[in-house]
Amino acid sequence: MNQELIYLALIFGLLVIPRALQRFKLPAPLTCLVLGIAAMLWLGERSHDGVVALLATLGISSLFLFAGLEVDLRALRRGFWPLLSHLLIRSATLFGAGWLAWRYGGLSWQAAGLLALALLTPSTGFIIDTLGRLGLDEQERFWVTNKAIAGELLALAALFLVLQADQPMKMAISSSILIALLVGLPLLFIALGRWVAPHAPGSEFSLLVMVGLIAAFTTYKLGVYYLVGAFVAGLIARLLRQKMPRLASDENLHAVRLFATFFVPFYFFNVGTKVPAGALSWEALGLGLLITLAILPLRIGVIWVQRRLMFGEDMRSSLRVSLALTPTLIFTLVLAGILRERFHIPDALFGALLLYAALTTLLPSLVFRTPFDVDPMAAPETLPPEMAPPATTGAVALAQASADADGAAHVTDADAGTRPV
């Protein structure tokens with residue numbers, strides 16, 4: 001087969017086959033990962049391809065750019081104290097898991113910290129975009145969405161600190177560059193909005209993606225991977241929504257979602273091609289099951305107890321929120337790759353992390369009875385106005401609709417619980 005035909009077959013396979021298998025409640029990212037592993041077993045080193053690696057970089061960067069655009073600080077402020085308590089408990093569990101991995105796992109403290117993040121950080125993009133299919137009520141969706149976002153913000157900050165902390169001078173330089181990035185990105189967005197966008201109508205999407213890739217590449221060069229910069233770029237674009245409404249408009253969010261939908265499968269396929277043969281051993285299988293049996297009930301139980309004590313929720317509602325927050329797919333894969341490349345963890349542990357990510361991602365689709373689309377970038381279905389549920393009051397008002405700058409009421413993805421007024 002010539003090169004062009006191979007790429008065409010690969011694109012067809014990654015965009016069609018995983019979605020065809022979703023009818024069996026198999027998440028599309030897992031199918032792409034398995035296809036990558038199959039390519040590795042069949043072709044060996046020849047499965048590593050520069051073009052696929054570039055497409056994978058576009059996929060992970062655009063995914064976290066979209067995740068940044070999803071953040072709604074107003075929603076986070078509405079649930080500030082409960083979310084703060086959640087983050088304090090999450091920090092304690094991260095510290096405890098990291099200490100155990102360092103004390104008994106024979107890992108350096110940095111590798112142990114990254115392992116704790118890989119095991120305990122929910123995959124926000126996947127979780128948010130499957131909420132519409134889980135049958136949760138508005139209040140449950142609100143808390144699942146914002147707990148996932150808050151947890152991801154904490155994890156990104158911890159990732160930056162852990163990767164830089166062993167070299168104080170490098171950390172100081174990287175922190176200065178990151179601060180400069182936080183100051184420079186708004187200025188760059190405003191400059192492009194003033195001098196480019198007026199003369200090129202419809203270019204806001206291209207400018208947004210371009211700036212996101214620049215920020216992602218910058219943080220990659222700092223040693224903290226692409227996802228930090230891409231997420232920061234999306235978050236800043238969301239904060240500039242009042243000043244530049246078209247930059248983070250609903251149309252642009254939808255466009256970024258579609259852009260990521262096309263490229264994200266290449267990321268999972270690329271990860272699969274880099275899985276070493278030792279990660280497919282019986283030892284990896286046993287270790288993965290052991291980690292899952294130890295960590296997953298702990299994660300579910302901590303959130304369940306927290307919601308029972310803080311909100312007085314019934315057992316069923318607390319369990320539904322806890323289960324919806326279990327998937328860790330993307331964050332686990334990213335950090336497993338960093339652990340293998342920079343800290344040279346054993347192949348068996350790498351394979352165990354892949355199995356843990358797969359099992360945590362499968363759990364909601366197996367537990368919840370309502371069929372749902374498990375594509376991490378799939379847009380949730382919306383009800384027509386005449387079928388919208390009646391307005392709610394009291395505690396559920398935390399999840400009610402926010403207004404655009406022009407005063408029109410709308411439903412935002414980031415609130416994941418807002419509804420038409």
Side-chain angles (χ1 to χ4, degrees), residues 57 60-61 64 87-124 150-179 181 215-232 267 271 274-276 278-279 283-284 287-288 290-292 294-295 298-299 328-357 360:
T57 301
I60 192 65
S61 300
F64 274 84
L87 290 181
L88 291 175
I89 295 172
R90 172 65 58 82
S91 300
T93 56
L94 284 172
F95 179 83
W99 184 85
L100 290 173
W102 170 74
R103 181 69 176 81
Y104 299 104
L107 300 174
S108 68
W109 72 268
Q110 284 179 292
L114 293 179
L115 179 61
L117 288 172
L119 294 175
L120 300 177
T121 304
S123 182
T124 303
E152 186 167 77
L153 289 170
L154 175 65
L156 290 173
L159 174 64
F160 179 82
L161 293 175
V162 169
L163 288 176
Q164 304 289 323
D166 62 329
Q167 303 179 44
M169 182 57 67
K170 182 180 179 182
M171 184 176 182
I173 295 174
S174 299
S175 299
S176 301
I177 295 175
L178 186 60
I179 293 173
L181 190 68
F217 183 75
T218 301
T219 56
Y220 175 77
K221 286 299 183 181
L222 294 179
V224 291
Y225 210 68
Y226 299 101
L227 51 87
V228 176
F231 185 88
V232 168
Y267 171 76
V271 170
K274 295 180 180 179
V275 173
E283 181 184 1
L287 183 58
L290 181 63
I291 290 175
T292 303
I295 299 296
L298 175 64
R299 292 179 56 210
T328 65
L329 179 66
I330 298 169
F331 230 90
T332 301
L333 292 182
V334 169
L335 292 179
I338 294 176
L339 284 167
R340 182 168 179 263
E341 293 171 7
R342 295 185 54 173
F343 298 95
H344 310 291
I345 61 173
D347 289 349
L349 179 56
F350 181 78
L353 289 175
L354 297 187
L355 178 61
Y356 171 80
T360 59

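You'll find the side chain of Thr328 stays beyond 4.5 Å of the side chain of Leu119, heavy atoms only. The shortest distance between side-chain heavy atoms of Ile291 and Leu349 falls below 4.5 Å. Taking 4.5 Å as the limit, some side-chain heavy atom of Tyr267 sits within range of a side-chain heavy atom of Ile60. Residues Ile330 and Thr124 are not in side-chain contact: their nearest non-hydrogen atoms beyond the backbone lie 4.5 Å or more apart. Taking the side chain as every heavy atom from C-beta outward, Arg90 and Pro122 approach each other to under 4.5 Å. Side-chain contact check for Leu161 versus Met171: some heavy-atom pair is nearer than 4.5 Å. A 4.5 Å side-chain heavy-atom check between Trp99 and Tyr104 finds at least one atom pair inside the cut-off. The shortest side-chain heavy-atom distance between Phe217 and Thr57 does not fall under the 4.5 Å cut-off.
Interatomic distance, Leu178 CG to Ile173 CD1, rounded to the nearest 0.5 Å: 13.5 Å. Note that the CG atom of Leu159 and the OG1 atom of Thr121 stand 9.0 Å from one another [nearest 0.5 Å]. Residue Phe231 holds its CZ atom at 5.0 Å from CD of Glu152, rounded to the nearest 0.5 Å. Taking CG of Leu222 as the reference point, atom NZ of Lys170 lies at 8.0 Å (rounded to 0.5 Å). Of the inter-residue distances, the one linking Leu100 atom CG with Phe95 atom CZ reads 10.0 Å to the nearest 0.5 angstrom. Going from atom CG of Leu298 over to atom CG of Leu120 covers 7.5 Å, rounded to the nearest 0.5 Å.
Annotation: Trp109, atom CH2; neighbour count of heavy atoms from other residues, nucleotides and ligands within 6.0 Å is above 12.
Between Ser91 and Leu154, the shortest heavy-atom distance links the atoms OG-CD2, 3.6 Å. For the pair Ala112 and Gly98, the tightest heavy-atom approach, listed with the atom from each and the gap, is CB-O, 3.3 Å. Nearest heavy-atom pair across Gly288 and Ala352 is N-CB, 3.4 Å. The shortest heavy-atom contact between Ser175 and Phe160 is OG-CE2, 3.6 Å. When every heavy atom of Ala284 is checked against every heavy atom of Ala348, the shortest pair comes out as CB-O, 3.5 Å. Summarising the geometry of Leu329 relative to Ser123, their closest heavy-atom pair is N-CB, 3.6 Å, with the distance given to 0.1 Å.
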Go through the steps to decide whether Ser61 and Tyr226 satisfy the test side-chain contact (heavy atoms from CB on, under 4.5 Å), and finish with yes or no. CA-CA 6 Å; Ser61 300; Tyr226 299 101; 3.8 Å; yes
Walk me through it: do Thr219 and Tyr225 pass the test side-chain contact (heavy atoms from CB on, under 4.5 Å)? CA-CA 6 Å; Thr219 56; Tyr225 210 68; over 6 Å; no
Walk me through it: do Trp102 and Leu115 pass the test side-chain contact (heavy atoms from CB on, under 4.5 Å)? CA-CA 10 Å; Trp102 170 74; Leu115 179 61; over 6 Å; no
Test side-chain contact (heavy atoms from CB on, under 4.5 Å) on Leu114 and Leu163 and set out the steps. CA-CA 8 Å; Leu114 293 179; Leu163 288 176; 3.7 Å; yes
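Looking only at distances, a side-chain donor or acceptor of Gln110 sits under 3.5 Å from a matching main-chain atom of Val162.
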Which side-chain N or O atoms in residues 336-345 pair as donor and acceptor under 3.5 Å with protein atoms at least two apart or in another chain?
from, atom 1, to, atom 2, distance (Å)
Arg340, NH1, Lys274, O, 3.3
Arg342, NH1, Gly223, O, 2.8

